[in-house]
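Here the structure comes first, spelled out in structure tokens, and everything after it is commentary.
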2 protein chains.
Amino acid sequence: MAVIEVRHLRYFRAVAEDLHFGRAAERLRIAQPALSRQIQNLERELGVVLLARTQRSVALTPAGALFLERTQRILDELIKCVADARRVQAGEYGHLTVGFIHSSTYGLLPAILERFRHLYPEVELELHEMTVADQIGALPRRQIDVGLLRPPVGDPEIKVQTILEERFLLAVPSKHALAAERVISLQRLARESFILFSRQQSPLFHSRILSMCERVGFVPHVVQHATQIHTIVGLVGAGMGIALVPETASNLRISSVNFLEIAESPQPVEIALAWRMDKETPALRSFRQVATLVAQKMKMT
Amino acid sequence: MAVIEVRHLRYFRAVAEDLHFGRAAERLRIAQPALSRQIQNLERELGVVLLARTQRSVALTPAGALFLERTQRILDELIKCVADARRVQAGEYGHLTVGFIHSSTYGLLPAILERFRHLYPEVELELHEMTVADQIGALPRRQIDVGLLRPPVGDPEIKVQTILEERFLLAVPSKHALAAERVISLQRLARESFILFSRQQSPLFHSRILSMCERVGFVPHVVQHATQIHTIVGLVGAGMGIALVPETASNLRISSVNFLEIAESPQPVEIALAWRMDKETPALRSFRQVATLVAQKMKMT
DNA sequence: CCGATTGATGCTGGAGCGGTATGGCCGTGA
DNA sequence: TCACGGCCATACCGCTCCAGCATCAATCGG
């Protein structure tokens, strides 16, 4: 025998617990002579007498008592280690670093997190609010494992999966003349004061809104630029003007703002998951699955 | 394959560290195909893919990374567990509860402890000062593993080994008429005031001293009884009288007391180790060995 | 003193571990 | 583009060693 094996530990533990070779062998479902010999081999390999045996009784030596205690711990750890490895593979255990855009915090992200933490309580999530550009940079550098962002991404190494499409809504102050309507045509907004996403910080929304207006024949009269949805909705609520915002904004539930549908139903904006193709870990798979399902359910309502 | 063995862990660790089957096999001194198969068996048994292998490269999966970390810990623990078991057997590691009589604290016990702690720093010693009678009671009840006491013991289950013999000396105040002598005959003490060990607490010394005096034909004139050597020597130093004490007392180094040898060189008193026959543990063996050696060295000086 | 109990030993068969030879796939360099 | 080399997997084989069976040896109880 070259080295000590798990078999020796299991056998020794059985004998040490029963202090009886015959019964221990029975529990182990082997014959008693086999057990005797394995214990002898173990002791020979260790150079240590673990069990003081007379013909009638078996007792632990001090070295045996120590060895039993340690052995027990090692076997327990081995079992736990196997179980945990299986759970990692099943995506139930592990670690995931998630990047997300600010606007997802109004509804989508909390919904995903709640569901995910319920289903996979032992996957540790590390959350980082980041712009889309930062996420696209952070993914290849492995600073995040998955990003919740607005496409396009445009890196062939990064996989993108759209999980949610949002229409644009018109946000108007409650006291505004249009606030009573449910649906409105963009054409009627030509003379309104607009609060608009800034070109630098939110280029996607900026260009989308401009081209929407252009298509119906006017250039919006912009009284204020802002970057984040909640800022813009806040300004609308303060009566500063109207704004076109993705429907996520209605989750903000600001009482002084009404949200109207747009008759032309312009092209929606998307929210997507993005991740490195190569490192599709089990925890990531779990996260994608949950995010997809949660987004689908949100679409329904 | 029924269960995972240490072999699998060692092999997996090697591959996971090298990320190369060929080199890992070389390190393990086995052929590469054997290694490949053992890893396959391990993965099949676990139901988990630990290594992502393409034709050109090997990488750890998340489950593999976890498994490597745990595996490493388990293997380390196994090595430590084997080493510690060997050290327990060698008496270099463990625990020992020692009972000792008060008088041993003047010289013998500290000398033994110093030597023992130097040679066996990882044997934890638990020390209890106890009378001889208490020790004899505590040994079978396993409250102490070994006792440092004065024989006789008289229990066939308890082994006794004398390690030191002490002569009796005469303690006299420095200002006493006899203080200038080096050796003195007991006969000259017939009219002196004695401080004597109490019959209840120190029956051995009490009876020994009385029989010593009886042998030369007088009954000592006792002015005070006391139990512990240092009390008696203290009273001698205060000029209260003279006393017969075991030579251990001279370790007290009280300046106002002189110690004289006794011409009749009466029967010495012994200090012995006592322990249960059945539980002769390695740590106990180490302790006995050290105690014997230290006592022998004390005899020389 | 005999039978029962219990751990150890001798012998045998077979599973499985490791070795050699080889295949298959992919990247590299001329 | 083709040939070569690197690397992991597969096929096959021999041998080690584990487990089982039968039996022995020692000890205890009656």
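Labels below follow one simple rule: chain letters A, B, ... track the order of the sequence lines, proteins then strands, and each chain is numbered from 1. Predicted model only: the values in this text are computed from it and were never measured.
Nearest to the side chain of Arg7(A), among dG19(C), dA19(D), dC17(C), sits dA19(D). The side chain of Gln38(B) approaches dG18(C) more closely than any other nucleotide in the set dG18(C), dA21(C), dA19(D). Closest to the Gln40(B) side chain, of the nucleotides dC18(D), dT6(C), dA9(D), is dA9(D). Closest contact between the side chain of Pro33(B) and the listed nucleotides dT9(C), dA21(C), dG18(C) involves dA21(C).
With sequence neighbours left out, the side-chain contact (heavy atoms from CB on, under 4.5 Å) criterion links Glu17(A) to Arg13(A), Arg27(A), Gln72(A).
For Arg37(B) against dG16(C), no side-chain N or O and base N or O form a donor-acceptor pair under 3.5 Å. In this model, a side-chain donor or acceptor of Gln32(A) finds a partner on the base of dA8(C) within 3.5 Å.
Scanning all heavy atoms of the two residues, the minimum distance from Gln161(A) to Thr292(A) falls at NE2-OG1, 3.3 Å. Closest approach of Ile144(B) to Arg276(B), counting heavy atoms only: O-NH1, 2.9 Å.
Between the side chains of Arg150(B) and Ser103(B), at least one donor N or O sits under 3.5 Å from an acceptor N or O. No side-chain N or O of Ser36(A) forms a donor-acceptor pair with one of Gln40(A) less than 3.5 Å apart.
Rounding to whole angstrom units, CZ of residue Phe21(B) and P of dC7(D) are separated by 13 Å. Per the geometry, CD1 belonging to Ile30(A) stands 15 Å off C1' belonging to dA15(C), to the nearest Å. For the pair Leu35(A) CG and dT9(C) P, the interatomic distance rounds to 14 Å; values are reported in whole Å. If you take CD of Glu26(A) and C1' of dG20(D), they are 15 Å apart, rounded to a whole angstrom. One interatomic measurement links the two molecules: CG of Leu42(A) to P of dC17(D), which rounds to 16 Å at whole-angstrom precision. dC7(D) atom C1' lies 14 Å from atom CG of Leu51(B), rounded to whole Å. When the P atom of dG16(C) is taken as reference, atom CZ of Arg44(B) falls 10 Å away, rounded to whole Å. Atom pair Glu45(B):CD and dC17(C):P shows a separation of 11 Å (rounding to whole Å applied).
An OP1 or OP2 oxygen of dG7(C) is reached within less than 4.0 angstrom by a side-chain nitrogen or oxygen of His20(A). Close to dC17(D), at under 4.0 Å from its OP1 or OP2, lies no side-chain N or O of Asn41(A). At least one side-chain nitrogen or oxygen of Arg53(B) sits closer than 4.0 Å to the OP1 or OP2 atom of dA9(D). Put simply, Ser36(A) has no side-chain N or O that comes within less than 4.0 Å of OP1 or OP2 on dG7(C).
Nearest-nucleotide positions on DNA chain D place Val58(B) closer to the 5' end than the other of Ala31(A) and Val58(B).
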